[in-house]
Amino acid sequence: MRKVLAAAQELGYHSPAGAPGGGRPADTGGITVAVVVPDIANPVFGAFVKAAQGQGWHRRQTVVVADTDGGVEREHDVIEHLRTRVDGIVVCSPRQRADQVVELCGPVPVVLVNRELAGGDCVLNDASDGLRQTLDHLEALGHRRLAYIQGSPHSWSNQHRVEIMRALTGERGLELAVLGSQAETVDGGVAAAASVAASGATAVVAHNDLVALGVIRGARALGLEVPADLSVVGIDDVPVAGIGSPPLTSIRTQMARAGALSLDLVHRALAGERRTPRTVRLATQLVVRGSTGRVRAPEGARPAIPTH
């Protein structure tokens, strides 16, 4: 038997998941789950992976991590490589369409995170509440012209946030400048700062915290003060958001919880417990810090005198 297994390995043969001798035991212990992320260097994906690995360890499952560097083709190749080597796959913030990922995974159970999947398992950080709270906050501070800096054009989260921003600003009669896509990094935010300044916006919402921190740096290089001249809001509330100068106002997402939930959904599928596909929506929450403030009054304008 040992010689047979050695020969099969040499030939590159992999038994299908669940086949005798080729995959998980009946109790789903000892299985291997692949977690695919676009950028492990981004702290929000680090939190996701840490939680997923913790949940996998709890179930005595092996979790392997693959980074796609945000590329569509690389994501395709990574999943294609992994699908015959693992029992389940979690794809976080995929750059391909949901149907493409599912087709690529074939019979292997797959959970998508931050990509809506009709008829399949997915976990979504729903930005609706967080963005509504953000607009309440900015409007109360006197902001009427806002900007949104886009992330990857292949990102479901980006498209979702643009739609919500357009709907909410339209309802409130606020102006919105949707700016072009940028790398989802600090450097991407620095590059976007000039476009923000040119838009005439007094407040900007960035695709994520890294971009927002870059905007603050870029705004200062242009001679703008944050928040006196420009209020800046990030998304994700990564740990460094609270220690910046000024501390970053950010919309908190539940990526750690998404990591644990995604492993749980894979477990249920492998154990045969899944009756119908699930869509789990996680709420978001605005965390107010020092990067947002009142609109600066025009020079020469007198402050309003309160009446009693």
Side-chain angles (χ1 to χ4, degrees), residues 4-25 28-42 44-57 59-117 119-123 152-157 183-184 255 258-271 274 277:
V4 172
L5 292 174
Q9 184 175 11
E10 184 177 347
L11 291 170
Y13 174 76
H14 298 274
S15 318
R24 58 190 182 277
T28 77
I31 69 170
T32 299
V33 179
V35 174
V36 181
V37 297
D39 183 11
I40 193 65
N42 186 327
V44 75
F45 296 121
F48 176 86
V49 167
K50 182 177 179 65
Q53 288 187 322
Q55 187 73 354
W57 173 256
R59 297 189 184 280
R60 296 299 185 262
Q61 299 167 353
T62 299
V63 176
V64 295
V65 180
D67 185 314
T68 68
D69 201 28
V72 175
E73 291 184 5
R74 182 164 170 178
E75 181 180 272
H76 178 281
D77 293 346
V78 163
I79 295 173
E80 189 173 49
H81 174 76
L82 289 170
R83 66 185 179 187
T84 58
R85 294 166 169 79
V86 298
D87 301 283
I89 300 178
V90 173
V91 187
C92 182
S93 299
R95 288 348 190 188
Q96 300 174 89
R97 297 195 316 267
D99 61 314
Q100 291 175 320
V101 176
V102 172
E103 182 178 356
L104 189 58
C105 290
V108 179
V110 58
V111 175
L112 300 188
V113 178
N114 287 347
R115 171 70 75 173
E116 200 155 13
L117 175 59
D121 287 330
C122 58
V123 181
S152 168
H154 303 293
S155 164
W156 173 87
S157 294
E184 298 172 3
M255 286 299 285
L261 282 171
S262 62
L263 263 288
D264 187 59
L265 289 172
V266 169
H267 165 77
R268 292 177 183 276
L270 292 172
R274 184 181 64 186

Partner residues of E80 under the side chain to side chain donor-acceptor pair (under 3.5 Å) criterion, sequence neighbours left out: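 For E80, no residue satisfies side chain to side chain donor-acceptor pair (under 3.5 Å) once neighbours in sequence are set aside.
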Q96 meets the side chain to side chain donor-acceptor pair (under 3.5 Å) criterion, sequence neighbours left out, with E75
Quick one, [X] and [Y] - any side-chain contact, counting heavy atoms below 4.5 Å?
| X | Y | answer |
| --- | --- | --- |
| R115 | V91 | no |
| Q61 | H267 | yes |
| M255 | N114 | yes |

Salt bridge (charged side-chain N to carboxylate O under 4.0 Å, His left out) partners of D264, counting only residues at least two apart: R59, R268
Can you sort out the partners of E184 under salt bridge (charged side-chain N to carboxylate O under 4.0 Å, His left out), two or more places apart, ordered by chain and number? R95
Please give me the minimum heavy-atom distance between A269 and P109, naming the atom from each residue. CB-CB, 4.0 Å
State, to 0.1 Å, how close G119 and P277 come at their nearest heavy-atom pair, and which atoms those are.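 Distance-wise, the nearest heavy atoms are O-CG, 3.2 Å.
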Result block: side-chain N/O donor-acceptor pairs under 3.5 angstrom for residues 64-71, not counting sequence neighbours:
{"unit_1": "D67", "atom_1": "OD1", "unit_2": "D69", "atom_2": "N", "d": "2.7"}
{"unit_1": "D67", "atom_1": "OD2", "unit_2": "I40", "atom_2": "N", "d": "2.7"}
{"unit_1": "T68", "atom_1": "OG1", "unit_2": "G70", "atom_2": "N", "d": "3.4"}

Identify every side-chain donor-acceptor pair in residues 98-108 under 3.5 Å, counting partners at least two apart or on other chains, and give the distances.
{"unit_1": "D99", "atom_1": "OD1", "unit_2": "R97", "atom_2": "NE", "d": "3.0"}
{"unit_1": "D99", "atom_1": "OD2", "unit_2": "R97", "atom_2": "NH2", "d": "3.1"}
{"unit_1": "Q100", "atom_1": "OE1", "unit_2": "R97", "atom_2": "N", "d": "2.9"}

For A258, all residues meeting side-chain contact (heavy atoms from CB on, under 4.5 Å), sequence neighbours excluded: F48, V113, V123, N125, L282
